[in-house]
Amino acid sequence: MQKYRSYIPLLHRRSFLMLGVQFLGISALASRLYYLQRLESSKYRTLSDKNRFRINIIPPKRGLVLDDNGKVIASSKQIFRVNLLKDNMEQFKHNLNKLKQFFEITPSQEQAILEKVRYAKRYTSVLVKENIQWNEMAKLQVHKNNLYGVNITVGETRIYPHKHLFSHTVGYVGKVSKQDVDDNTNPLLFIPGFEIGKIGIEKSYEKYLRGSAGAEQTEVNVSGQTVNVINNVLPSRGSDLKLTINLDLQKYIAKLLSKHKSASAVVLDVNNGDVKAMYSHPSFDANLFVDGISFNQWNKITNDPYSKLLNKSVSGQYAPGSTFKMVVALAALEYKKIGKKIFCKGYEEIYNRRYHCWKRTGHGRVNLVKSIRESCDVWYYKVSLEIGIDNIAKIAKKFGLGTKYDFSISSQALGLIPTRAWKQKHKNRYWNVGDTVISSIGQGVVLATPLQLAVMTARIATGKQVVPRLSAININGEKKSMEFKPIDITQNHLKTIRKAMYEVVNHHMGTAKNSFTTGWTMAGKTGTAQVRNISLLERESDDGVIKNKNLDWNLRDHALFVGYAPAKKPKYAVACVVEHGSSGSKVAAPLVRDIVNKLYKIDRDT
């Protein structure tokens, strides 16, 4: 009996110890439950709601781009997109593999998707496939409940029905890049597959065309499928943008220029600055860039020898050649540097150097009107030395050369109107007599874009500070004021220049005498700009200067023509540049003649 009694205290101690351990465990559990349910309840309720409730941003429909008559230039079409929720990387890869049974995902596409997922936040949707076919979408919908995190959305993508016709002007949209996101915190930019303007009008008027986002709050189940829509705010559609460009005229000009390897043309309404047409040839299909251009397609476009991507109308910089002579003639009138008639014998000796006229036998006695009408170089060689390059530059600036305009396309080139100070700053050399002589005929370092030449022509035709525009509203949707101030120049001097330009086309000795129009009477000026140096040996040979037709294409002269019509009451100004077209009078002038005839028909029929 004594033996068994000795174990009783030991048993009590063990029980007490076990009860103590249990009590501590229960206390710790109770404390943890209290901490989670009371102190941390709001945190975990929020996390639970995040898993249960989702807010989806609804993209707006993008506005249309229309021509001056309301014809569609850029629109959108409905497409289906497949998005996949990112939970964790392994889960995402597993679900992505499941989707391969419904549509093709190439290895390169899969790699690009996984690269996007790597940087995506948890519980965000990642675009897997867009523009899926109807049968693919229907099959996916049937099995959707067995696929975790799959979401099919109805979206839009941009289409350009006229393909290449407005690619340089209207531009194109593309997927949002990392740079776009860095520059903007708008939630729309984070929507998988969302498109924004990349160049041209699409970029300049992005906010106007884009519209504003809507939002949808949904409740989802454990598989990430929507079970209930709690709240829905509809998006606001983007505004339609009406351009000044005329579709029919643009088509016609594109057809005309397609006969040449590289060319551009600009048509302005001289009364309000409306760009009625602006085309750069060759062009490219803007639709290629919307969904992401392939490597082969990109190489083909960028390696094109005639610079398909370059908008030559605003970015192409050319020696204006003899089209610059109106500026020099105006400078001579304004600064009273015109005396007696100048005799042209085919060249002029200036400081022991011979400067040649394009006409080898010379023009004889030449006054200002004849110098423009027959494009005598010698007249400008001699008069420019009296005027000086700085005075010529002042007049050139007044007529829109060497200037960027408040325009809707950001890729404008400045061109170059040189001065003494410019050469000192950029070349670290003094301006010399030869520089002035060469600049006087629009050669040397003088550069202008076709748009600038069209503006110059419009300002000569009206005597006003015409500024080009592609839409009657600015990027904020406000109406543009087109009240043009008169140019600070003597109006009678402008009348003299207009008389000379009229004779270029309508006088029997004019350089464009074979390009007279059938509807309106046109006034204009030819230009032929050299792109190579002609040696003295070549000039003095029996055969004379090598003809353009015997030169390689890239060594031939550029052909230019600027004009306005009707000559008495101007409505339109046109500038045309044909790269290596050889002759302004034989190539560029007939193109402008045809454009003016088309303008006459369009104007007559409206």
Side-chain angles (χ1 to χ4, degrees), residues 55-81 83 125 127 130-131 153-163 165-177 179-216 231-247 250 274-275 285-292 406-411 469-480:
I55 295 179
N56 300 314
I57 304 299
I58 305 173
K61 291 186 177 180
R62 194 172 181 86
L64 304 174
V65 180
L66 310 168
D67 87 331
D68 63 343
N69 290 317
K71 296 177 182 178
V72 176
I73 291 174
S75 61
S76 300
K77 68 175 182 178
Q78 191 179 76
I79 60 169
F80 295 103
R81 293 191 177 104
N83 303 309
S125 289
L127 179 66
E130 70 176 341
N131 209 10
T153 59
V154 179
E156 286 193 339
T157 191
R158 205 64 158 165
I159 55 171
Y160 300 99
H162 304 289
K163 296 182 178 180
L165 206 58
F166 297 95
S167 300
H168 292 111
T169 306
V170 173
Y172 53 81
V173 300
K175 300 295 184 293
V176 178
S177 66
Q179 184 64 37
D180 296 324
V181 174
D182 288 344
D183 292 344
N184 198 321
T185 56
N186 192 316
L188 278 171
L189 302 185
F190 295 90
I191 297 176
F194 189 71
E195 299 167 350
I196 63 172
K198 295 293 184 177
I199 66 168
I201 287 292
E202 292 277 28
K203 181 178 180 180
S204 300
Y205 286 84
E206 170 60 29
K207 292 181 180 179
Y208 183 82
L209 290 165
R210 181 194 296 172
S212 57
E216 181 182 65
N231 194 20
N232 191 9
V233 178
L234 295 176
S236 298
R237 183 182 181 276
S239 301
D240 294 342
L241 179 66
K242 191 174 184 179
L243 300 184
T244 60
I245 291 180
N246 181 276
L247 174 61
Q250 186 87 347
D274 285 356
V275 177
D285 185 353
N287 294 294
L288 295 174
F289 289 82
V290 176
D291 295 326
D406 182 13
F407 201 47
S408 304
I409 297 179
S410 60
S411 59
R469 65 177 186 175
L470 279 165
S471 175
I473 60 171
N474 61 28
I475 58 175
N476 297 318
E478 299 167 348
K479 192 171 182 179
K480 291 181 179 178

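Just the heavy atoms: all of them, side chains too, but no hydrogens, waters or symmetry mates, feed the values below. Treat the numbers as computed from the prediction; the structure is a model and nothing was measured.
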Minimum heavy-atom separation for [X] and [Y], please, with both atom names.
| X | Y | answer |
| --- | --- | --- |
| Ser167 | Ala286 | OG-N, 3.4 Å |
| Tyr205 | Asn474 | CE2-O, 3.2 Å |
| Pro60 | Ser212 | CB-O, 3.3 Å |

What I'd like to find out is whether the side chain of [X] reaches to under 4.5 Å of the side chain of [Y], using heavy atoms alone.
| X | Y | value |
| --- | --- | --- |
| Tyr160 | Leu165 | no |
| Leu66 | Val72 | yes |
| Lys198 | Ser177 | yes |
| Arg62 | Val173 | yes |
| Glu202 | Arg158 | yes |
| Asp67 | Gln250 | no |
| Ile473 | Glu478 | no |
| Ser471 | Leu241 | yes |

- Query: Would you call Lys242-Asp68 a salt bridge at under 4.0 Å N-O?
  - Reply: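 No, this pair does not count.
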- Picking from Ile245, Thr169, Asp240, Ile73, what satisfies side chain to side chain contact (heavy atoms under 4.5 Å, CB included) with Val65?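 Going through Ile245, Thr169, Asp240, Ile73 one by one, the side chain to side chain contact (heavy atoms under 4.5 Å, CB included) with Val65 is satisfied by Ile73 alone.
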Verify the neighbour count for atom [atom1] of [X]: are there more than 12 heavy atoms of other residues, nucleotides or ligands below 6.0 Å?
| X | atom1 | answer |
| --- | --- | --- |
| Lys175 | NZ | yes |
| Ile475 | CD1 | no |
| Lys163 | NZ | no |

Can you measure from [atom1] ([X]) to [atom2] ([Y]) and round to the nearest 0.5 angstrom?
| X | Y | atom1 | atom2 | value |
| --- | --- | --- | --- | --- |
| Leu470 | Ile409 | CG | CD1 | 5.0 Å |
| Lys203 | Leu209 | NZ | CG | 14.5 Å |
| Lys480 | Ser408 | NZ | OG | 4.0 Å |
| Ile199 | Ser410 | CD1 | OG | 8.5 Å |

Looking only at atom types and distance, does a side-chain atom of [X] sit under 3.5 Å from a main-chain N or O of [Y], one as donor and one as acceptor?
| X | Y | answer |
| --- | --- | --- |
| Thr244 | Val275 | yes |
| Glu206 | Gly197 | yes |
| Asn69 | Lys71 | no |

